[in-house]
A.B. asks: 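Encoded as C-alpha cells, here's the structure I'll be asking about.
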Amino acid sequence: MVGSLAALATTTSFVPQAWKVIRTRDTAALSAGMYALRTLAILLWLIYGLLLGQWPLIVTNSIESMQSRGG
C-alpha cells in the first residue's frame with residue numbers, strides 16, 4: 001500500500017507544473033537542471049524495475065517517462 005501511494009504521488013507530481021506550462025505557455029520558471037535530473041532518475045528507476053521484473057516500477061516509471069518527454 002505504501003509503495004502504491006508513493007508511486008501515485010511520484011507519477012502525479014509533475015502534473016501541476018505541466019498544467020501551469022500548458023495554461024500560461026511559459027517555461028521560463030523551469031529549472032533545466034532539475035528537469036534533467038528528474039528525467040534521469042525516472043529512467044534509472046525504470047531500468048531498475050525492468051531488471052527486477054517489478055511491474056509497479058515498470059508501469060509508473062514508463063508513465064513518468066512519457067510525461068517527461070511531453071507525450
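One is the number of the first residue; the rest follow in order along the sequence.
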A.B. asks: Do Leu51 and Trp55 sit in the same hydrophobic cluster, where Ile, Leu, Val, Met, Phe, Trp and Tyr count as joined when their side-chain heavy atoms come under 4.5 Å apart?
C.D. replies: no
A.B. asks: In Å, rounded to the nearest 0.5 Å, how long is the span from OG1 of Thr60 to CD1 of Ile42?
C.D. replies: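 Between atom OG1 of Thr60 and atom CD1 of Ile42 there are 9.5 Å.
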A.B. asks: Rounded at 0.5 Å granularity, tell me how far CG in Leu44 sits from OG1 in Thr39.
C.D. replies: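 Between Leu44 CG and Thr39 OG1, I get 11.0 Å after rounding to 0.5 Å.
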A.B. asks: Ignoring hydrogens, what is the shortest heavy-atom contact between Leu46 and Ser62? Give both atom names and the distance.
C.D. replies: CD1-OG, 3.5 Å
A.B. asks: Could you state the interatomic distance from OH (Tyr48) to CD1 (Ile58), rounded to the nearest 0.5 Å?
C.D. replies: 12.0 Å
A.B. asks: So, applying side-chain contact (heavy atoms from CB on, under 4.5 Å) with Thr24, which one of Ile22, Asp26, Thr27 is it?
C.D. replies: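 When side-chain contact (heavy atoms from CB on, under 4.5 Å) is applied between Thr24 and each of Ile22, Asp26, Thr27, only Asp26 qualifies.
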